[in-house]
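Quick one: this structure, given as structure tokens, is what I'll be asking you about.
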Amino acid sequence: MRNQLNERVAISGVGCTHFGDLMETPAIKDMSLQELTAAAVKEALDDAGLSGQDVDAVFAGNAMVHSSQLPATYSQMSKWTGTQFKAGVHFEAQCSTTNVGLAMAATAIAAGVYDTVLVFGVESTRSKVKDYSPYEREPISHQQSWLWTDMAVNQAYGVPQGYDIFSSYNGLVALGYCRKHGISIEDFDRGMFELCRTRRLHGSMNPKANIQETMEDAAKRKGLSDAFEYWQSENNPFVAWPSRLLSLVTTADGASAMVLTRADTAKSGRSQPVEVKGFGISASDLPWYGEDPTIWKNDERAVEDAMDMSGIKAGDIGYLHTHDCSHISSLCTAELIGYLEPGKALDAAREGRLRFDGDRPMSTHGGRHAFGHAWAASAGSDTYEAVLQMRGKAGKRQMPKPPEVSVIHTHGYAMIGTVIVLGGM
Amino acid sequence: MQATSGKPNKIRWYYEGLSKGVFRASKCSDCGKFTFPPTGCCEHCGSWNVEDAELSGKGTLLFATHSGSDASHPRFEKAAPFVYGHIRLEEGPIAQAIIQGAEPTPEDLKALYEKGPVPVQAVTLQMDDLPVIAFKLQD
């Protein structure tokens, strides 16, 4: 493949809602999914200085239609977003949805078909439509949530025979990492604690995060003076030994949106545009790795393609998000990309290098654990954060020096490795 | 409708094999590699020229962890939590499946981890509604 964008493409506007629970979280409580979507879209369109009628096409992402009951999302949302009569499609790439949408939009713009494309993603992982009500929702049980989510995983042989996300994505990867690098289980546990502590710190500085409580405050709430004691307590059980609960995703409801446009027109917008320098996408069915659980071929290919299209090297990356549904998997990906030295990611976490003010900042919005995970909306939340950091507009968690190049990696369950490269204009 | 490899339904064929203690796969006539469990196309080279095959069920357990306490699927409610492992099969494919012969406790799993790769043999685990593959630790 030629692997090139024939015209330059930019993100001219971004939007993202608070991630939380539509039935509980004050900032989004009682909103419909239509209104949640509209909130993210309005923010992105306002950011770009456009209205819904200024865009040429709408790529509408929603992964779990079981909870949303909104297929044909592009048309059902059109009167809520001002985009009636535009071209549109409902698509999903699970947890990579919004950034695969970004790649689809960049492709369409660079091909000369559209000038401006709106991409959004919306998801409810915490509640579903109650009975047949147009506005009432009810909670989804743990098992129901995973049953629906796992419909994106090998339904012929994997899920029917006991596939378990916590094992495949966390425990086995953790053991592979420890064996490969000669790391003790005890050091692994301490490193995972430090990584989670950093994510929680970032979440505490993000008013849109699902969890805004630091690990230290969570410990105090439970009557413990030491955060590591809290980490090792019954509050944080093993979900797939040696991986614990707090190294995992927290589910959320949320929406995100972005406006993509030709780079030569982006600068006339309202806000500082960011260029889409390149992307790479590669999907794999189970098992996601061979003998070595730390090496995922689909990620290798996605990274290689994104680097090739953008022309960047690992040393150019100023900010990185890697998909962190599983914290250990996210570190393996960061090492694969070359952002962190192989086998040294846990050290980097312990030394605070992954903090917003460290020399290898990652997931400054709080990541899937603290910011939360709303499947089809999450990749857009990662891109939102990267754009804020590049503009110097990330508030308390702003990196001291705004990055010139950002890389965002996501895993679309299961498993669509997606990498996008953003650069300053 | 006939599947490309001549079997009416590869998925049913696989599970019917399990119920008889047979571990069915596809073998590529072009590159010679196995696709396990079977599909109608080679997962390695994309060739449609595949034939039915059976695997020995012999393998090596590389790593073992455990599932969540609350089963993600109703089929495994009674079984969870269970040991879940990463296995290299004698014929080459990598598989992940339920492991028999160890308890899903940190103590058992740590002992298994420290022991390193161990031999396992595929067995059929009969759930209420479906036979599924599992691997038994070999002493």
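Lettering follows sequence order; numbering is per chain, from 1. Scope of the values below: all heavy atoms of this structure, side chains included, with no hydrogens, waters or symmetry mates.
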Open item on the list: Once rounded to the nearest 0.5 Å, what's the spacing between atom CG of B:D70 and atom CH2 of A:W146?
Closed with: 12.5 Å
Task: Nearest-0.5 Å distance that lies between atom CG in B:L62 and atom CG in A:L172 - done: 9.5 Å
Task: A:E138 CD: over 12 foreign heavy atoms closer than 6.0 Å - done: yes
Task: Note, A:D150 side chain near B:S72 side chain (heavy atom, < 4.5 Å) - done: yes
Open item on the list: Distance check, rounded to the nearest 0.5 Å: A:Q161 atom CD versus B:L130 atom CG?
Closed with: 7.0 Å
Task: chain A neighbours within residues 73-92 of chain B, where any heavy atom lies under 4.5 Å away - done: B:H73, B:P74, B:R75, B:F76, B:E77, B:F82, B:Y84, B:G85, B:H86, B:R88
Task: Greatest number of heavy atom pairs closer than 4.5 Å to chain A - which of B:D129, B:T60, B:V132 - done: B:V132
TODO: Answer yes or no: are there more than 12 heavy-atom neighbours, outside A:R190 itself, under 6.0 Å from its atom CZ?
DONE: yes
Task: A:E291 and B:I94, any side-chain heavy atoms less than 4.5 Å apart - done: yes
Task: Top of B:A71, B:P104, B:A95, B:A134 for chain A proximity - count of heavy-atom pairs under 4.5 angstrom - done: B:A71
TODO: Look at A:A240, A:P293, A:S243 and state which one has the largest set of heavy-atom pairs under 4.5 Å with chain B.
DONE: A:A240
- [ ] Measure across B:K10 and A:Y157 and return the closest heavy-atom pair with its distance rounded to 0.1 Å.
- [x] O-OH, 3.7 Å
Open item on the list: Nearest 0.5 angstrom please: B:T65 OG1 to A:F238 CZ, how far?
Closed with: 9.5 Å
Open item on the list: At under 4.5 Å between heavy atoms, what parts of residues 17-38 of chain B are in contact with chain A? List them by residue number.
Closed with: B:L18, B:P37, B:P38
- [ ] Specify the closest pair of heavy atoms between A:P160 and B:Y15, including all atoms of both residues, with the distance to one decimal.
- [x] CB-OH, 3.4 Å
Open item on the list: Looking at every heavy atom in both B:I11 and A:A156, which two are closest together, and how far apart are they?
Closed with: CD1-CB, 3.6 Å
- [ ] Go through A:S167, A:S168, A:G171 and name the one with the most non-hydrogen pairs under 4.5 angstrom from chain B.
- [x] A:S167
All N/O donor-acceptor pairs, side-chain side in residues 110-119 of chain B, below 3.5 Å, sequence neighbours left out:
{"residue": "B:K110", "atom": "NZ", "partner": "A:E186", "partner atom": "OE2", "Å": "2.8"}
{"residue": "B:Y113", "atom": "OH", "partner": "A:R179", "partner atom": "N", "Å": "3.0"}

Open item on the list: Counting C-beta onward and ignoring hydrogens, is there a side-chain heavy-atom pair between A:W241 and B:E107 closer than 4.5 Å?
Closed with: no
Open item on the list: For B:K136, give me all partners under side chain to side chain contact (heavy atoms under 4.5 Å, CB included), at least two apart in sequence or on another chain.
Closed with: B:Q100, B:V123, B:Q138
Open item on the list: For A:I185, which atoms come within 4.5 Å of any heavy atom of chain B: side chain, backbone, both, or neither?
Closed with: side chain
